[in-house]
Amino acid sequence: MKNTDLLQPALFLLLLCFGDAFFTWLGVSGGMIEEANPLMDRLLGTSVPAFFFVKLSLPAVLIALSGRLDGSALFRISLGAALAVYVSVFLLHAAWIAMM
């Protein structure tokens, strides 16, 4: 797999992570949901920009590494696992929004 082949999924992951952060912030600030992760909940209560920064750090690191790892198996597995988790989280957010 070429490095450029990994960039699209990594950018999609960045988009999913941003959606997760945005919908979490929206739900928490509106009193509709609570952040399940105690560390992220505290960070969200302290600094919204820091919350977004931390949430977007994983995909940013993966994007930065995508050109250096030459499509290694570990990188592809990590990217696939992160995509699976964040697609699930995004669908969960979508279900919450649909029920409101």
Side-chain angles (χ1 to χ4, degrees):
M1 185 176 277
K2 297 178 193 172
N3 296 343
T4 55
D5 294 338
L6 296 173
L7 187 57
Q8 251 184 332
L11 289 173
F12 182 56
L13 178 63
L14 181 64
L15 181 64
L16 287 170
C17 289
F18 180 80
D20 171 40
F22 177 77
F23 288 124
T24 299
W25 167 74
L26 193 65
V28 169
S29 65
M32 297 174 277
I33 64 169
E34 294 180 17
E35 170 62 57
N37 180 332
L39 297 174
M40 293 306 291
D41 184 49
R42 184 172 181 146
L43 187 59
L44 182 57
T46 304
S47 171
V48 173
F51 172 79
F52 273 84
F53 176 79
V54 170
K55 282 281 202 179
L56 298 175
S57 293
L58 169 67
V61 167
L62 285 174
I63 288 169
L65 292 176
S66 67
R68 293 184 171 87
L69 294 178
D70 295 324
S72 73
L74 178 60
F75 180 77
R76 289 193 316 273
I77 291 168
S78 298
L79 181 59
L83 280 168
V85 167
Y86 276 97
V87 164
S88 299
V89 167
F90 194 80
L91 291 173
L92 183 60
H93 283 295
W96 289 339
I97 290 168
M99 291 189 310
M100 292 181 185

Query raised in the report: So, do Asn37 and Asp41 sit near enough that their side-chain heavy atoms are less than 4.5 Å apart?
Result: no
**Report entry** Inter-residue atom distance Leu43.CG - Phe53.CZ, 0.5 Å rounding
**Finding:** 10.5 Å
Query raised in the report: At what distance, to the nearest 0.5 angstrom, does CG of Leu79 lie from CZ of Phe12?
Result: 11.0 Å
Report task. Report yes or no: do Leu91 and Leu14 belong to one cluster of Ile/Leu/Val/Met/Phe/Trp/Tyr joined by side chain heavy-atom distances under 4.5 Å? Result -> yes
Query raised in the report: Within a radius of less than 6.0 Å around CZ of Phe52, do more than 12 heavy atoms belonging to other residues, nucleotides or ligands occur?
Result: yes
Query raised in the report: Side-chain contact, heavy-atom cut-off 4.5 Å: His93 with Thr24?
Result: yes
Requested in this report: Identify the heavy atoms of Cys17 and Lys55 that sit nearest to each other, and give their distance.
Outcome: CB-O, 3.9 Å
Report summary line: So CG of Leu11 and CG of Leu16: to nearest 0.5 Å the spacing works out to 11.0 Å
**Report entry** Separation of Phe51 CZ from Thr46 OG1 (nearest 0.5 Å)
**Finding:** 11.5 Å
Requested in this report: Rounded to the nearest 0.5 Å, what's the gap from OG on Ser88 to CG on Asp20? Could you check?
Outcome: 11.0 Å
Query raised in the report: With a 4.5 Å limit on heavy-atom distance, are the side chains of Phe23 and Phe90 in contact?
Result: yes
Report task. To the nearest 0.5 Å, tell me how far Leu44 CG sits from Leu39 CG. Result -> 12.5 Å
Query - Mutual orientation of the aromatic rings belonging to Phe22 and Phe18 [parallel < 30°, tilted 30-60°, perpendicular > 60°] - result: parallel
**Report entry** Minimum side-chain heavy-atom gap Val28-Glu34 below 4.5 Å
**Finding:** no
